[in-house]
Amino acid sequence: VAVVIDDRLLLDVLAGATRPIIDEEFARGGVYTTSCWYYRLGRAVNAGVGTGSLSARLAALGPDARDRVLWSLRELPDEIGVLTSRTVVPVMVALRVRRPLNMLNAEALAVALLVGASVMVTVAAPLLESGATDLGVSCRLIG
Amino acid sequence: MRGTAGSLFVMAVTPSLDPELTAVVEHARRRARDGDELRPPRPGPYASRLPPEAREIVLAWLRDGGYDEAVARVVADDPELATQ
């Protein structure tokens, strides 16, 4: 079964922190994320200028290296699938679940249905899990 | 009744989809397949393109809560991006 990974797992992947279960899916060409998680990651990478921001932490590398790293984190590797809104939105609109979902969660479930994947998240998401149950989609919380 | 491995897989993933949703998913899947969108552009193993020193910084940011703080700021402005 393919996997749809959340933004924290996506950042893990981009930074080279491998997990066997995701590596196995890469070998099969079955790793996906969503536009919302990809967008949220990009927003977080760009967010803030304080000492806790990623940009501030990367300053030690020098401006050119810092900019290259930030640029790399904004580009989704070709090994990771992401479906276009033309494909995903009609499925998001058609989802029927007991508890209403926001865009982030609706997209994750729609992509999982489209590619026959499990959703893999790192943070407990009760509404996402509830929707996944309604739709028969596997939703896995991993640390 | 025994089905093929493929049909068993689909049943396992979508045991109770209503017919309307099933039709929408199948239509979208066909379109995506026709547009060569269902698979990643370059399927296969992935290796990080970041230099080692940058990986350490990024992973520390993720592990010590810096990433979560940044996401909290993003979500405060845009609840559609919140984990629910």
Side-chain angles (χ1 to χ4, degrees), chain A residues 1 7-8 11-17 23 26-29 31-32 36 39-40 43-45 47-48 52-54 57-58 60-61 65 69 72-73 77-81 83-84 86-88 90-91 94-96 101-105 113-116 121 123 125-128 135-138, chain B residues 9-18 20-29 31-32 35 37-75 77-84:
Chain A
V1 177
D7 50 339
R8 296 176 96 258
L11 187 56
D12 250 353
V13 166
L14 295 175
D23 285 345
F26 268 118
R28 285 193 276 262
V31 177
Y32 297 80
C36 282
Y39 177 52
R40 191 166 81 168
R43 293 270 304 271
V45 165
S53 70
L54 181 60
R57 295 191 192 200
L58 290 170
L61 302 178
V69 171
S72 295
L73 293 175
D78 284 347
E79 290 87 347
I80 299 173
L83 304 184
T84 65
R86 186 189 302 274
T87 296
V88 181
V91 179
L95 294 178
R96 298 289 179 266
L101 301 167
N102 66 3
M103 184 184 293
L104 180 110
N105 292 304
L113 284 172
L114 281 162
V115 300
V121 294
V123 177
L127 289 190
L128 176 64
L135 298 167
V137 171
S138 167
Chain B
F9 166 74
V10 171
M11 288 174 67
V13 172
T14 58
S16 58
L17 289 188
D18 69 55
E20 181 185 345
L21 177 56
T22 301
V24 172
V25 169
E26 288 304 326
H27 179 72
R29 205 178 268 157
R31 282 189 58 143
E37 190 193 333
L38 271 188
R39 298 272 287 169
R42 191 171 59 226
Y46 174 75
S48 173
R49 279 103 181 182
L50 300 184
E53 61 273 22
R55 290 182 206 173
E56 286 182 21
I57 293 170
V58 171
L59 289 174
W61 185 60
L62 183 60
R63 304 280 184 260
D64 68 17
Y67 182 74
D68 290 338
E69 287 176 20
V71 166
R73 285 195 292 274
V74 171
V75 167
D77 291 337
D78 193 345
E80 289 296 326
L81 295 177
T83 299
Q84 293 181 302

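Lettering of chains follows the sequences in order, A, B, ..., and the numbering in each one begins at 1. Just so you know, these numbers use all the heavy atoms, side chains as well, and skip hydrogens, waters and symmetry mates.
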State whether the side chain of A:Y32 and the backbone N or O of B:L38 hold a donor-acceptor pair below 3.5 Å, judged by distance alone. yes
Below 4.5 Å from any heavy atom of chain A, which atoms of B:E69 appear? Answer side chain, backbone, both or neither. neither
Test item: A:Y39 and B:V74 side chains (from C-beta on) under 4.5 Å apart, heavy atoms: no
Is a side-chain donor or acceptor of B:R29 paired with a backbone partner of A:L114 at a separation under 3.5 angstrom? yes
Heavy-atom distance under 4.5 Å to chain A: side chain of B:A47, backbone, both or neither? neither
Show your reasoning for whether side chain to side chain contact (heavy atoms under 4.5 Å, CB included) applies to A:V69 and B:I57. CA-CA 10 Å; A:V69 171; B:I57 293 170; over 6 Å; no
Tell me, side chain or backbone of A:L61 under 4.5 Å from chain B's heavy atoms, or both, or neither? side chain
Could you tell me which non-hydrogen atom of B:L50 sits nearest to which non-hydrogen atom of A:A15, and how far apart they are? CD1-CA, 4.1 Å
Rounded to the nearest 0.5 Å, what separation is found between the CG atom of A:L73 and the CZ atom of B:R49? 12.0 Å
Does any heavy atom of chain A fall under 4.5 Å from the side chain of B:R31, the backbone, both, or neither of them? side chain
I'd like to check B:L59 versus A:L11 (side-chain heavy atoms, cut-off strictly below 4.5 Å). Are they in contact? no
Can you tell me how far apart OH (B:Y67) and CG (A:D7) are? Round to the nearest 0.5 Å. 3.0 Å
Looking only at heavy atoms and a cut-off of under 4.5 Å, which of B:P51, B:P45, B:A23 has the most pairs with chain A? B:P45
Below 4.5 Å, heavy-atom pairs only: which of A:V123, A:V88, A:L128, A:I80 has the largest tally toward chain B? A:I80
Compare every heavy atom of B:V25 with every heavy atom of A:L113, then report the nearest pair and how far apart it is. O-CG1, 4.1 Å
Using non-hydrogen atoms and a 4.5 Å limit, figure out which bit of A:R86 sits close to chain B: side chain, backbone, both or neither. side chain
Is B:R63 paired with A:D12 through a side-chain N to carboxylate O contact shorter than 4.0 Å? yes
So, the side chain of B:Q84 versus the backbone of A:N105: is there a donor-acceptor pair under 3.5 Å, distance only? no
As an exercise: rank B:G66, B:S48, B:P52 by heavy-atom pairs under 4.5 Å with chain A and give me the winner. B:S48
Without hydrogens or angle criteria, can the side chains of B:T83 and A:R40 be said to hold a donor-acceptor pair below 3.5 Å? yes
Any sub-3.5 Å donor-acceptor pair from A:N102's side-chain atoms to B:A82's backbone N or O? yes
Under 4.5 Å from any heavy atom of chain B, what part of A:V31 do you find: side chain, backbone, both or neither? backbone
Electrostatic pair A:R43:B:E80 at N-O distance under 4.0 angstrom: no
Exercise: identify the closest heavy-atom pair between A:G29 and B:P43: CA-CB, 3.7 Å
Under 4.5 Å from any heavy atom of chain B, what part of A:L101 do you find: side chain, backbone, both or neither? both
